[in-house]
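Heads up: numbering here begins at 1 and tracks the sequence. Remember, it's a predicted structure, so these values are computed and weren't measured experimentally.
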Amino acid sequence: MPDHTIHAVDEKPPLARLLPLGLQHVLVMYAGALAVPLILGSALNLPKEQVAILINADLFACGIATLIQSVGFRGFGIRMPVMMGVTFAAVSPMLAMAADPRLGLLGIYGAVIGAGLFGILVAPLISRLLPLFPPVVTGTIITVVGISLLGIGINWAAGGAGNPRFGDPLYLAVSFLVLVVILGATKYCTGFLGNIAVLLGLVAGFGVAFALGEVNFAGVAQAKWVELVQPFQFGWPTFDLLAILTMSLVLIVVMIESTGVFLALGEVTDRTIGQEEMTRGLRADGLGTLIGGVFNTFPYTSFSQNVGLVGITGVRSRWVTATGGVIMLILGLFPKMATIVASVPQFVLGGAGIVMFGMICATGIRVLSRVDFRGNPGNTYIVAVSMGLGMIPQVSERFFGHMPKALSPLLHSGILLASIAAIALNAYFNGMRSGAAAVADATAAGREAETAH
């Protein structure tokens, strides 16, 4: 019998329930957790064995960051049912860094480590920045994140940029099949199966691609069964000040989003999130990002779809997500499995990418639907100009071709351009809101963002 003197968040279900419930959380976030290392590996033209290293590192660091957030220790971790994963908001600036020969992967890791340290230091101050991020700002940023990523999903569906068979009807057909399976599972499956619709689509697409002889398993036989994830496996990071500042700005945006997710989670679990809990949770975001940079992966945030799962299942125990963290950590120790994942053809990923990244756009639009455009025409200009600036890197790679190369991580990131513009224009048109209004808006945005990763 459960002990009703203990809050549901702190209750420890028996092991027989913990394992399946924790695995459920892992499966819900698994496809999204793997997307960023696959995107960066493709952009950097890394060989499959190195992409597998990124995947293992990502899963391993996911597990560590989730344990910190769910279990907590002095000064770190919100001690709530939270699963951590790599944020999509960092993809655009990291792609810009990857394209800069001065930076590359090691420059990305230096920026991630620097941003993680920055996040740990500024965590207590983030709540004071909430008035700068009303729905017109957060909705615009989330929408631009989704639009920026959609191009990647579309290229995947056609076989991946640089593929000599790009656009092959077979690729398009399998991508479409993945999309159909996801939509079918979403409509006709309930509960757990509905929540892993994207994963089901990927499994179906992979099975068809394998049957058609389109899966290349080169390297799987040579990969080790078990191997520890090593820090700095790609070499010692390089630290570029502007790249660190750029990633730190991304982390501020991510932590604002985390604030909304935490507040929404507090409502779902019926536990009050005070300033101390909020600071511990945001500090864990910073520490998770720092750990990510050390272990060859990327910035971490709280995965909001897992908050939605807490609401759907009614299981509020933080020990369930802690078990999920242990499972993620263990999954990160199997290079052979990661090499199989790295063998998934890009056209299989395409159908899932269009859904995942399109859902981010839809989430941004849902947040913007709460904005008063009719009574406040200034909001229309905020969205219009911010999105216009955010689209520059997507539609014209040479737009900033004559600007200093050092500014590339900023100028070639539509997400950062849109964020800066939205914050500045909102301050110009609307000024600063009250703290109470900012908290209410952040909570509502957190509820909207259940599919924003």
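Within a 6.0 Å sphere centred on CZ of Phe429, heavy atoms belonging to other residues, nucleotides or ligands number more than 12. Within a 6.0 Å sphere centred on OH of Tyr428, other residues, nucleotides and ligands contribute 12 heavy atoms or fewer. By the 6.0 Å contact criterion, CZ on Phe400 is enclosed, its count of non-hydrogen atoms from other residues, nucleotides or ligands being greater than 12. The 12-atom threshold is exceeded at CZ of Phe373, counting heavy atoms of other residues, nucleotides or ligands nearer than 6.0 Å.
Pairs engaging residues 36-74 under the ring pair (Phe, Tyr, Trp, His ring centres under 6.0 Å) rule: Phe60-Phe295, Phe73-Phe76 [sequence neighbours left out]. For residues 241-254, no residue pair satisfies the side chain to side chain donor-acceptor pair (under 3.5 Å) rule, not counting sequence neighbours.
Put simply, the side chain of Leu329 does not reach to within 4.5 Å of the side chain of Val326, judged on heavy atoms. A heavy-atom distance below 4.5 Å is not found between the side chains of Leu200 and Ile182. Tyr30 places none of its side-chain heavy atoms less than 4.5 Å from the side chain of Ile196.
The shortest heavy-atom contact between Met247 and Ala90 is SD-CB, 4.2 Å. Closest of all the heavy-atom pairs between Leu132 and Val137 is O-CG2, 3.8 Å. Of all the heavy atoms in Met29 and Met84, the pair that sits closest is CE-O, 3.2 Å. Counting all heavy atoms, side chain and backbone alike, Ile244 lies closest to Ala115 at CG2-N, 4.3 Å.
In terms of the side-chain contact (heavy atoms from CB on, under 4.5 Å) criterion, residue partners of Trp236 (sequence neighbours excluded) are, by chain and number, Phe232, Phe239. Partners of Ile327 according to the side-chain contact (heavy atoms from CB on, under 4.5 Å) rule, which considers only residues two or more places apart in sequence or in another chain, are Leu23, Val26, Thr323, Leu331. Among residues two or more places apart in sequence or in another chain, the ring pair (Phe, Tyr, Trp, His ring centres under 6.0 Å) test is passed with Phe347 by Tyr171.
Side-chain contact, Thr339 with Glu49: no donor N or O sits under 3.5 Å from an acceptor N or O. Defined by atom type and a distance below 3.5 Å, a donor-acceptor pair is present between the side-chain atoms of Asn379 and Asn430.
Here the side chain of Glu277 pairs a donor or acceptor atom with the backbone of Gly274 at under 3.5 angstrom. Side chain of Ser70 to backbone of Val82: a donor-acceptor contact under 3.5 angstrom is found. Panel note: side chain Ser396, backbone Ile392; no donor-acceptor pair is recorded below 3.5 Å. With Lys48 contributing its side chain and Val220 its backbone, the two residues share no donor-acceptor pair below 3.5 Å. Looking only at distances, a side-chain donor or acceptor of Thr143 sits under 3.5 Å from a matching main-chain atom of Gly139. Under the 3.5 Å distance criterion, the side-chain polar atoms of Ser92 are left unmatched by any main-chain donor or acceptor of Ser413. A donor-acceptor pair is defined here as one N or O able to donate and one able to accept, closer than 3.5 Å; such a pair exists between the side chain of Asn163 and the backbone of Gly159.
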Just distance, no hydrogens or angles: give the donor-acceptor pairs under 3.5 Å from side chains in residues 279-294, sequence neighbours left out.
from   : atom 1 : to     : atom 2 : distance (Å)
Thr279 : OG1    : Gln275 : O      : 3.0
Thr279 : OG1    : Gln275 : NE2    : 3.4
Arg280 : NE     : Gly77  : O      : 2.9
Arg280 : NH1    : Glu276 : OE2    : 3.4
Arg283 : NH1    : Gly75  : O      : 2.8
Asp285 : OD1    : Gln69  : NE2    : 3.4
Asp285 : OD2    : Ser258 : OG     : 2.6
Thr289 : OG1    : Asp285 : O      : 2.9
Thr289 : OG1    : Tyr300 : N      : 3.2

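Between Lys336 and Glu227 there is no salt bridge, since no side-chain N of the basic residue sits under 4.0 Å from a carboxylate O of the acidic one.
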